[in-house]
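This report concerns only the one structure given below.
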There are 2 protein chains.
Amino acid sequence: MSAPRLYHPDLEPGRVRLNAGEARHAAGSRRLRPGDTLTLFDGRGNEADAELIEVTAGQAIAHVGEIRLIPRSATRSLTIAVSPPKQARQDILVEKCTELGVAAIQPMHLERSVATLTARRLERWRRVAIAACKQCGRAWLLDVHPPADLAAVLASAAGFDLALVASPADEAERLSLLLQKQAAARNVLVLVGPEGGLAASELAAIESSGIRPCRLTPTILRVETAAIAAAAVILSQPPVGQ
Amino acid sequence: MSAPRLYHPDLEPGRVRLNAGEARHAAGSRRLRPGDTLTLFDGRGNEADAELIEVTAGQAIAHVGEIRLIPRSATRSLTIAVSPPKQARQDILVEKCTELGVAAIQPMHLERSVATLTARRLERWRRVAIAACKQCGRAWLLDVHPPADLAAVLASAAGFDLALVASPADEAERLSLLLQKQAAARNVLVLVGPEGGLAASELAAIESSGIRPCRLTPTILRVETAAIAAAAVILSQPPVGQ
């Protein structure tokens, strides 16, 4: 139906060389040939039609046409600050958040976090985000921020219209109801703690920052599921008053 | 924090033998020993505290105490009729839908479905659902129905308060807005078609059955992501008027 999408961080009209990973993708799973057309995107809103000139498993060269700027979507902008789940579940977190339209993921190191993100893992998160952008047609990459501690995340909260923390407590307000009262909020931050829960001191620091606890479903969710569910609920309704 | 949960389909007080898979789970990843306490559940609302009497990789025997009935949650009851995604993505679909509290998954064979469910795959879906129930504390299993064709799914739609089909069309109403107008709906059916889209004849049959198209996020979602997002949005708000 639509042309295959490949990523090029520095898009310009004329002849461009794709990086090795994209060349492998083009020659391998996509089975593209010279003469095939594709869409190139730079992850910062720029896209262009292009024609493949050369393609082997090792390199791909394309001729890039006119560049068009795709505006950011008019829905909310959501940042998810999350205690990284176990490695096997990290790809699901990043892929699904990208598909759903999350703007940024902020890995957050808390007392009971089960995984530490090395530079190499962070690189993998970024690759997964790019792959998901290709698949779901996003012109703007999901930003993967460098890991931060809770104090840094709390300091950033003031920059958002609405800051929430996912809570398994029965008395926490339902996210969907809370959003109806905050219908104009455009920039939203959601904190998702580790499976073992937030430490008491962390919870106290979060609450004294004015970040409101919210409940997703009546069930108990894994870290990545809580992040995905929050993204689905928040990004499925556009802000009121746009 | 809470006792490990193991599954036993025919729970009764007294001495019970766990099946081989549960025994492996108890002895292996859970490292349980004789004398350890656990919670057994039968997936139909019955739960009991139990004490392990014997446990090896091959067999586990427990002494089961009083059985208590856990009522179904007061939220909506959601059935997702879905064209199965590729195998590697099926586990994510079933696991996340179980965690989020989906009542049943109805695999649906459509013209552009990419995977056929053999009896063996269906068995795997059921195992994944049980594993996720253990983890997330559900007392009622997610039902995995046998695969059906579109005509059978459409015939079942009359039994629901609200029947919807996930649509990537810009003009489709947003699911979150549609739900606000149908706030009393308790039993909800959502159809999720294959990645290649519904065939024109399928779409016509769905629409003439009065099933309403709804849009999730502005992005394009994979099959399993659409199902998970629909579940998060629908199950995160309790029906009004309970």
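Every chain is numbered from 1, with letters handed out A, B, ... down the list of sequences.
Between the NZ atom in B:Lys96 and the CD1 atom in A:Ile92 there is a gap of 5.5 Å [rounded to 0.5 Å].
Of the two parts of B:Arg89, only the side chain, counted from C-beta on, holds a non-hydrogen atom closer than 4.5 Å to a non-hydrogen atom of chain A.
Interface summary for chain B: among A:Leu175, A:Leu235, A:Leu100, A:Val233, the most heavy-atom pairs under 4.5 angstrom belong to A:Leu100.
Residues of residues 102-113 of chain B never come closer than 4.5 Å to chain A when only heavy atoms are counted. Of residues 211-219 of chain A, those residues lying under 4.5 Å from chain B by any heavy-atom pair are A:Leu216, A:Thr217, A:Pro218, A:Thr219. For residues 222-232 of chain B, the interface with chain A (any heavy-atom pair closer than 4.5 Å) comprises B:Arg222, B:Glu224, B:Thr225, B:Ile228, B:Ala229, B:Ala232, sorted by residue number. Residues of residues 122-136 of chain B having a heavy atom under 4.5 Å from any heavy atom of chain A, listed by number: B:Gln135, B:Cys136.
Heavy atoms from other residues, nucleotides or ligands lying under 6.0 Å from CZ of A:Arg121 number more than 12.
Minimum heavy-atom separation, B:Ser236 to A:Arg174: O-NH1, 3.0 Å.
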